[in-house]
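Lettering follows sequence order; numbering is per chain, from 1.
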Number of protein chains: 2
Amino acid sequence: MSFTTSEENYIKGIFHLQQETGLVNTNSLAAEMQTRPASVTDMLKKLKSKKLLQYEKYKGFKLNEAGKKAALDVIRKHRLWEFFLVEKLKFDWDKVHPIAEELEHISSEELVQRLDNFLGNPSFDPHGDPIPDKNGKIPVIKQQSLSEIPFKKNVTVSSVGNQTAQMLDMLKHYNIAIGTQLTVLKKFEFDGSLEIKVSKQNACIISEQVAKNVFVHDVQ
Amino acid sequence: MSFTTSEENYIKGIFHLQQETGLVNTNSLAAEMQTRPASVTDMLKKLKSKKLLQYEKYKGFKLNEAGKKAALDVIRKHRLWEFFLVEKLKFDWDKVHPIAEELEHISSEELVQRLDNFLGNPSFDPHGDPIPDKNGKIPVIKQQSLSEIPFKKNVTVSSVGNQTAQMLDMLKHYNIAIGTQLTVLKKFEFDGSLEIKVSKQNACIISEQVAKNVFVHDVQ
DNA sequence: TTATATTTTTAGATTTATCTAAATTATATT
DNA sequence: AATATAATTTAGATAAATCTAAAAATATAA
């Protein structure tokens with residue numbers, strides 16, 4: 001089964017929301033897709049007729065197994081292309097999202113499989129998000145928010161919660177990227193900000209809000 | 001200025017035809033694009049309004065300078081992606097065209113420039129066609145049809161005239177690809193076929209029609 | 001539990017790219 | 001030059017993806 005670019009984008013949007021809320025409703029998907037509720041309803045009918053969606057009028061909706069697999073296929077392509085752009089073409093990791101949004105809709109399955117091999121079958125993209133394999137299986141890694149890590153423990157940055165351009169740009173200024181090693185030195189109870197040491201650089205202070213959005217795992 | 005996928009495809013089609021005939025007419029473009037003359041007329045109006053086309057009703061048409069530059073931009077992307085698919089992802093050279101037809105419409109200029117650098121700024125794609133640079137300049141190479149080459153002269157295959165799937169598949173069976181070294185041994189006047197030696201293999205015989213579509217240059 | 005507010009869907013319009021069929025213009029033939 | 005033929009354009013229709021405005025269903029609050 002193949003899908004239009006628009007269908008793929010909606011599938012991705014629904015997948016994203018249903019991971020948090022289970023059932024998704026029309027208005028929140030309209031907000032996610034930056035479109036109108038009426039347009040969402042139109043697409044829901046189309047996706048239901050293609051048997052990708054559990055959907056009863058007025059009752060909310062969610063992807064069924066076929067729909068989830070379709071979403072994971074698009075996510076896989078997106079993250080493989082992001083990896084390619086950063087690792088091979090040397091793009092900054094905070095610049096690749098809009099380009100991957102286009103590349104993810106290229107349809108050749110053989111292309112995806114060969115790209116995956118060419119890149120060395122990576123498990124995580126440059127933002128630390130897991131890359132599903134061709135069966136839709138997602139690698140897992142134990143990760144915690146930086147705000148929950150005990151002092152002096154060495155950890156590696158594995159992903160970022162709020163992947164806005166502002167957040168990514170800010171982390172770049174702190175020299176924090178996926179794979180960066182960190183230690184938490186001190187917490188300022190006044191505002192919850194943390195003093196941290198990034199790699200071999202001088203210590204710096206990040207706000208509680210930033211700390212909550214930086215996820216880390218044990219150094220192996 | 002940016003273009004829709006459909007606009008880019010028409011621009012490419014017109015460019016292709018006007019290289020042979022100068023002025024292009026509606027029916028031949030309709031045949032090239034596998035569409036209807038009425039659809040061509042619709043698009044001609046659109047391209048004229050975007051100032052890419054010299055076009056008078058009933059009088060034929062051709063791309064102006066802006067239109068030619070737009071065509072060369074798409075051709076550049078197509079050929080760079082073909083090079084990537086063959087050199088990096090190890091696709092057979094006769095399988096990459098349809099995938100490059102999709103990739104050529106990805107819009108980021110920075111992507112194209114970085115891809116070009118990553119590939120080592122190649123001058124020719126895997127079919128031997130020249131890759132325009134970012135200013136639209138096309139590298140040239142002195143090439144002749146294999147049917148015009150004197151006997152015993154060592155030459156290198158540089159491009160293929162009729163790039164149909166059938167032709168590319170046939171050449172693959174003769175072990176002929178871009179870069180292959182050849183010598184013409186004998187011409188059979190009966191039907192114009194040629195006995196040739198391909199690299200270090202046994203001699204074989206190709207038809208006059210094939211010979212006319214294989215272009216070669218001197219071995220450097 | 002009735003009235004009010006919110007959410008969702010429907011009905012019908014719009015835009016883009018395509019099509020068919022008919023009309024128009026150009027070209028070829030006698 | 002008149003007529004037949006071919007090429008091209010126009011007019012109007014269709015399909016996909018979107019929109020606005022109104023109607024219908026559901027949720028909330030007095």
Side-chain angles (χ1 to χ4, degrees), chain A residues 1-14 17-18 20-63 67 70-71 74 101-102 104-107, chain B residues 1-14 17-18 20-63 67 70-71 74 101-102 104-107:
Chain A
M1 181 83 98
S2 79
F3 309 108
T4 67
T5 293
S6 182
E7 288 167 351
E8 288 190 340
N9 285 332
Y10 273 96
I11 290 167
K12 241 188 350 165
I14 298 167
L17 292 178
Q18 82 181 36
E20 286 154 21
T21 58
L23 262 195
V24 185
N25 55 355
T26 305
N27 273 0
S28 49
L29 184 56
E32 168 87 10
M33 307 294 298
Q34 311 216 66
T35 185
R36 301 290 163 173
S39 309
V40 169
T41 302
D42 290 341
M43 183 58 80
L44 293 177
K45 288 180 193 161
K46 203 173 159 201
L47 295 179
K48 185 181 183 183
S49 80
K50 289 196 165 194
K51 302 197 190 305
L52 300 166
L53 206 60
Q54 280 176 31
Y55 167 48
E56 301 287 338
K57 278 195 333 190
Y58 297 104
K59 301 274 173 64
F61 48 90
K62 63 180 180 184
L63 296 171
V74 181
E101 287 284 303
E102 290 188 65
E104 73 189 6
H105 302 296
I106 304 291
S107 58
Chain B
M1 182 81 98
S2 80
F3 309 108
T4 67
T5 293
S6 181
E7 287 167 352
E8 288 190 339
N9 284 333
Y10 273 96
I11 290 167
K12 239 185 356 162
I14 298 168
L17 293 178
Q18 82 180 37
E20 285 154 22
T21 58
L23 261 195
V24 185
N25 54 0
T26 304
N27 272 0
S28 49
L29 185 56
E32 168 86 11
M33 306 295 298
Q34 312 216 64
T35 185
R36 301 290 163 175
S39 308
V40 169
T41 303
D42 290 342
M43 183 57 82
L44 294 177
K45 288 181 193 160
K46 204 173 157 200
L47 295 179
K48 185 179 184 185
S49 80
K50 289 196 165 193
K51 302 198 189 305
L52 300 166
L53 206 61
Q54 282 175 33
Y55 168 48
E56 300 287 336
K57 281 197 327 190
Y58 297 103
K59 301 274 172 64
F61 48 90
K62 62 180 179 184
L63 296 171
V74 181
E101 287 285 302
E102 290 188 64
E104 73 190 7
H105 302 296
I106 305 290
S107 58

- Query: Between atom CG in A:L44 and atom P in C:dT7, what is the gap in whole Å?
  - Reply: 16 Å
- Message: What is the distance, to the nearest angstrom, from the CE atom on B:M33 to the C1' atom on C:dC19?
- Response: 15 Å
- Message: By the 4.0 Å heavy-atom rule, please label B:F61 as base, sugar-phosphate, or nothing.
- Response: nothing
Using a cut-off of under 3.5 Å, enumerate the N/O to N/O pairs linking the protein to nucleotides 21-29 of chain C.
none

- Message: Which nucleotide wins on minimum distance to the side chain of A:T35, given the candidates D:dC19, D:dT10, D:dT9?
- Response: D:dC19
- Query: Which nucleotide in the set C:dT8, C:dC19, D:dT9 lies at the smallest distance from any side-chain heavy atom of A:T41?
  - Reply: C:dT8
- Query: Hey, does the side chain of B:S39 come within less than 4.0 Å of C:dC19's phosphate (OP1/OP2), counting only N and O?
  - Reply: yes
- Task: Measure from the side-chain heavy atoms of B:N25 and tell me the nearest of C:dT9, D:dC19, D:dT8.
- Result: D:dT8
- Closer than 4.0 Å, any side-chain N/O of A:S6 to the OP1 or OP2 of D:dA16? no
- Query: Just how far, in rounded Å, is P of D:dA15 from CE of A:M43?
  - Reply: 17 Å
- Query: Among D:dT9, C:dT8, D:dT10, which nucleotide sits nearest the side chain of B:K45?
  - Reply: D:dT10
- Under 3.5 Å on both distances, the Watson-Crick or G-U partner of C:dA11: D:dT20
- Task: Select base, sugar-phosphate, or nothing to describe what A:Y10 touches, counting heavy atoms under 4.0 Å on all strands.
- Result: sugar-phosphate
- Item | Interatomic distance, A:L23 CG vs C:dT8 P [rounded to whole Å] | 11 Å
- Query: Which base, if any, makes a Watson-Crick or G-U wobble pair with C:dT30, both distances under 3.5 Å?
  - Reply: D:dA1
- Message: With a 4.0 Å cutoff (strictly under), does any side-chain N or O of A:R36 reach OP1 or OP2 of D:dT18?
- Response: no
- Query: Could you give the CG-to-P distance, from B:L29 to C:dA17, as a whole number of Å?
  - Reply: 15 Å
- Item | Of the listed nucleotides C:dT18, D:dC19, D:dT8, the one nearest the side chain of A:D42 | D:dC19
- Query: Is any side-chain nitrogen or oxygen of A:N27 closer than 4.0 Å to OP1 or OP2 of C:dT8?
  - Reply: yes
